[in-house]
Asks: 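Here it is, the structure in full.
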Amino acid sequence: MSRIVTIGAAQSGPILREESRSAVVERQIQQLREAHRQGCDLVVFPEVALTAFFPHWWIEDEAELDAWFEREMPGPETQPLFDEAARLGIGFHLGYAELTFEGGKKRRFNSAILVGKDGQKIGHFRKIHLPGHVEYRPDNPFQNLEKRYFEFGDRPFETWRAFGGVVGIQICNDRRWSESYRLLALKGAELVLIGYNTPDHIPEHPHMDRLTNFQHQLCMQSGAYQNACWIVAVAKAGIEEGVSMIGLSSIIAPSGEIVAQTKTLGDELIVHACDLDDSKAYQELFEFGTNRRIQHYGPIATQAAAVPPP
Ligand code: CDV
């Protein structure tokens, strides 16, 4: 028996700083329609998919910062995306900057939602691993102010029953941490959706630039294999407000093999029919329930321990 979910990875090219949400949503609707023509059940859009990636520059004025965030999802500008997806009978994943008032306090998160074929929200996740810095770095060609503009996700990695399987979400830097995959796998994840905005240059570590593409694929291919899950990872790519970002949106099988990958740095859709039973086969191979030797691992350290010199 097979459980096929046909998934479209809807890579986005750069979004101009002055581009309106409505214009971006119109681009996404074109991708939804193409996905529908290609038989997709689910379309995955990137991290912070509705605007330019504003943590790349310094914003001092609070009202100006808030304007980059969504206060409702869907809101007036995103409702047409929900409507068109429901009309076509396609589910979707969308990353966005979330502004919410909780406990009388304004809170900002880097978030993503999973929406079913009926247009109803299934899942909501807030990015846990925020890269970058809080302070302005005048010597850098661009900033990476996620730690300034967002709070760390305040909810655990979660899975949802959807699209005939078990689905989880990570957001961008989460994909570089082995815990992200394992925590989802222990909650049964068969399919992990990831949006990202990844510059091809790290100002603090320029000698690593040549490895950016390799390490992007390395962490996800090993994450897929070691945790028996499909991964659909989708970029906002190209040169956006002077920052050059990688493409290489990928659909990765539980074998660790990349089965589809984008070739451009613009809006581009790739599609693959993912058999969720491939995930089940690798889950059976590893048998996490019986073969993980947690009783032999010893106490789990929460911090890297200082190893005494020899
Ligand atoms: N948006 C991201 O989280 N980007 C990071 C970069 C800054 C290293 C990433 O892990 O791709």
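All ligand and atom numbering here is 1-based and tracks the order in the structure.
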Asks: At a 4.0 Å threshold, what atoms of ligand 1 neighbour a non-hydrogen atom of Glu47?
Replies: 1 (N)
Asks: Taking non-hydrogen atoms only, is Tyr196 closer than 4.0 angstrom to ligand 1 via side chain, backbone, both or neither?
Replies: neither
Asks: Please confirm whether Phe92 and Phe82 have ring centers closer than 6.0 angstrom.
Replies: yes
Asks: Does Lys127 have a heavy atom less than 4.0 Å from any atom of ligand 1?
Replies: yes
Asks: Looking at ligand 1, does His216 have a heavy atom less than 4.0 Å from it?
Replies: no
Asks: Numbering the atoms of ligand 1 from 1, which are under 4.0 Å from a heavy atom of Phe53?
Replies: 1 (N)
Asks: If the cut-off is 4.0 Å to any non-hydrogen atom of Arg176, which atoms of ligand 1 fall inside it?
Replies: 9 (C), 10 (O), 11 (O)
Asks: Taking the six-membered ring of Phe109, is the NZ or CZ of Arg126 close enough (under 6.0 Å from the centre) and on axis enough (within 45°)?
Replies: yes
Asks: Can you find a heavy atom in the side chain of Pro203 that is under 4.5 Å from one in the side chain of Arg137?
Replies: no
Asks: One thing to verify: whether Lys105 and Glu151 come together as a salt bridge, which I'm taking to mean a side-chain N less than 4.0 angstrom from a carboxylate O.
Replies: yes
Asks: If the cut-off is 4.0 Å to any non-hydrogen atom of Glu146, which atoms of ligand 1 fall inside it?
Replies: 1 (N), 2 (C), 3 (O)
Asks: Is Arg87 salt-bridged to Glu84, cutoff N-O under 4.0 Å?
Replies: yes
Asks: Could you tell me the residue and atom name of the protein heavy atom closest to atom 6 (C) of ligand 1, and the distance to it rounded to 0.1 Å?
Replies: Pro199 CD, 4.1 Å
Asks: Answer yes or no: is there a donor N or O on one side and an acceptor on the other, between the side chain of Glu241 and the main chain of Arg17, under 3.5 Å?
Replies: yes
Asks: Identify whether NZ of Lys or CZ of Arg in Arg155 sits under 6.0 Å from the centre of the six-membered ring of Phe125 and within 45° of that ring's axis.
Replies: no
Asks: So which protein heavy atom does atom 7 (C) of ligand 1 come closest to, and at what separation?
Replies: Asn144 ND2, 3.1 Å
Asks: Heavy-atom distances under 4.0 Å decide this one: backbone, side chain, both or neither, for His129 against ligand 1?
Replies: neither
Asks: Please report which non-hydrogen protein atom sits nearest to atom 2 (C) of ligand 1, along with the residue it belongs to and the distance in Å to one decimal place.
Replies: Cys172 SG, 2.8 Å
Asks: Might you point out which heavy atoms bring Pro46 and Lys236 nearest each other, and give the distance in Å?
Replies: CB-N, 3.8 Å
Asks: Would you mind finding which of Ile171, Asn173, Ile194, Asn197 brings a heavy atom closest to atom 4 (N) of ligand 1?
Replies: Asn197
Asks: For Lys147 and Leu130, indicate whether the former's side chain and the latter's backbone hold a donor-acceptor pair under 3.5 Å.
Replies: yes
Asks: Just to confirm my output: which protein heavy-atom neighbour is closest to atom 11 (O) of ligand 1, and how far is it?
Replies: Thr198 OG1, 2.6 Å
Asks: With heavy atoms under 4.0 Å as the rule, classify the contact between Ile202 and ligand 1 as side chain, backbone, both or neither.
Replies: neither
